[in-house]
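Notes for the one structure printed next.
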Amino acid sequence: MTPIYQTSTYVQEGVGNHKGYAYSRTANPTRHALEESIAALENGEYGACFGSGLAAIDCLIKILNPGDEVITSADLYGGTYRIFTTIFAKYGIKFHFINVDEVQDIEKIINSNTKLVWLETPTNPMMNIVDIALIAQITKKAKIWLAVDNTFATPYLQTPLDLGADIIMHSVTKYLGGHSDVVMGALVTSNENIAKEIYRIQNSSGAVPGPMDCFLVLRGIKTLHLRMQRHCENGEKVAKWLKDHPKVDKTYWPGFESHPNHGIAKKQMRGFGGMIAFSLKGNNLKEAHDIMAKFKVFSLAESLGGVESLICHPVTMTHGAIPKSERDKAGIVDSLIRLSVGVEDIEDLIHDLKQALA
Ligand SMILES: Cc1ncc(COP(=O)(O)O)c(C=O)c1O
């Protein structure tokens with residue numbers, strides 16, 4: 001097993017002659033093993049791990065300069081929206097938020113300052129799917145970078161570098177870690193120039209994870225395929241059960257043939273995952289809160305992607321940082337409930353949903 005190199009520094013052979021590792025902010029063998037593992041999973045050349053998913057995003061956007069522009073969608077994890085609008089906008093980087101169904105029209109917004117297109121697919125929490133290969137054609141033609149947040153799909157279901165993306169970002173906290181016991185982020189690329197910048201900023205800004213956490217994620221990754229298979233199986237059964245429930249208005253899951261992007265999902269993903277969102281008929285906030293309080297197997301908590309099923313209310317929890325006007329644009333309504341379907345026995349999960357919605 002990869003040892004946990006619980007050390008900040010390394011004894012050197014002589015002045016100017018270290019054995020490959022000098023100081024653990026710059027590099028640590030346990031972290032290095034994990035960075036190589038995540039890069040390999042994504043079919044990428046270079047991997048870098050960070051203290052959180054947001055620290056990974058922070059590193060990537062720091063490659064840009066004041067005056068540069070980024071195109072992204074409004075249907076985005078709330079923390080990503082917050083770092084874009086309240087941190088980097090302050091340093092002169094401009095963000096264009098477009099509706100997810102207009103992403104194919106980005107050519108109209110690209111100008112000489114545009115440097116990056118940032119995509120989340122499937123999106124959090126609306127489970128929209130964006131055609132990565134189509135957007136990659138546009139970004140390649142315009143000679144700008146395409147970054148994909150692959151947190152929801154994981155490399156088990158989707159490998160965006162193979163579809164033409166330049167950079168992958170992960171909240172490793174979620175499925176890669178898989179056990180809700182680590183906060184971590186990662187970036188992967190096969191572009192040497194981008195990688196050099198990532199490692200320069202990783203070392204200069206210093207948002208690196210510790211070796212114990214890297215060990216836990218290395219262990220988590222060993223069962224990624226088993227967990228994802230079960231997340232997909234349970235996700236499908238839960239989504240189908242919810243769809244027919246009389247209290248449920250809309251169920252968002254890309255595996256439904258009626259999902260507006262089902263065709264793209266089938267083309268670019270190897271399964272549809274265990275993330276589901278649903279809204280209630282009447283769209284009543286209090287009713288959503290009351291129903292959520294009744295769950296016994298699904299735990300009420302932020303985050304996703306662990307073996308345990310979680311339930312969350314995006315408007316008051318994960319997406320509170322997004323203004324209501326932007327939330328409404330993306331369809332994040334008051335009664336929307338998000339499920340991270342875990343790997344438990346499906347009968348227990350369905351029973352829990354049944355009693356909570358009764
Ligand atoms: C899709 C997505 N991207 C990024 C993040 C941020 O990652 P972290 O919480 O590890 O900083 C999250 C966290 O929920 C997420 O769901």
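Predicted, not measured: the structure shown is a model, and the values here were computed from it. Both ligands and their constituent atoms are indexed starting at 1 by order of listing.
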task: Compute whether any side-chain donor of one residue and acceptor of the other, for Asp149 and Thr151, lie under 3.5 angstrom apart.
output: yes
message: What I want to check is whether the side chains of Glu344 and Ser309 have a donor and an acceptor closer together than 3.5 Å.
response: yes
task: Would you indicate whether His351, at its atom NE2, is surrounded by more than 12 heavy atoms from other residues, nucleotides or ligands within a distance under 6.0 Å?
output: no
- prompt: Would you say Lys281 has more than 12 foreign heavy atoms packed within less than 6.0 Å of its NZ?
  reply: yes
field: Residue Ser52 vicinity, atoms of ligand 1 by number, heavy atom under 4.0 Å
entry: 10 (O), 11 (O)
- line: The atoms of ligand 1 lying under 4.0 Å from a heavy atom of Met184, numbered in the order shown, are 10 (O)
Protein residue, atom and distance nearest to [atom], heavy-atom basis:
| atom | answer |
| --- | --- |
| atom 6 (C) of ligand 1 | Tyr77 CE2, 3.5 Å |
| atom 4 (C) of ligand 1 | Asp149 OD2, 3.5 Å |
| atom 14 (O) of ligand 1 | Lys174 NZ, 2.5 Å |
| atom 7 (O) of ligand 1 | Ser171 OG, 3.0 Å |
| atom 16 (O) of ligand 1 | Asn124 ND2, 3.1 Å |

Just wondering, do [Y] and [X] contact through their side chains at under 4.5 Å, heavy atoms?
| X | Y | result |
| --- | --- | --- |
| Ser303 | Lys174 | yes |
| Trp118 | Leu76 | yes |
| Cys214 | Met184 | yes |

query: Could a heavy atom of Glu302 be found less than 4.0 Å from some atom of ligand 1?
result: no
4.0 Å heavy-atom contact, His170 with ligand 1: no
- prompt: N/O of Thr173 under 3.5 Å from N/O of ligand 1, yes or no?
  reply: yes
- prompt: Can an N or O of Gly53 be found at a distance shorter than 3.5 Å from an N or O of ligand 1?
  reply: yes
Asp290/Lys286 ion pair, N-O < 4.0 Å: yes
statement: Checking heavy atoms under 4.0 Å, the part of Leu54 that sits near ligand 1 is both
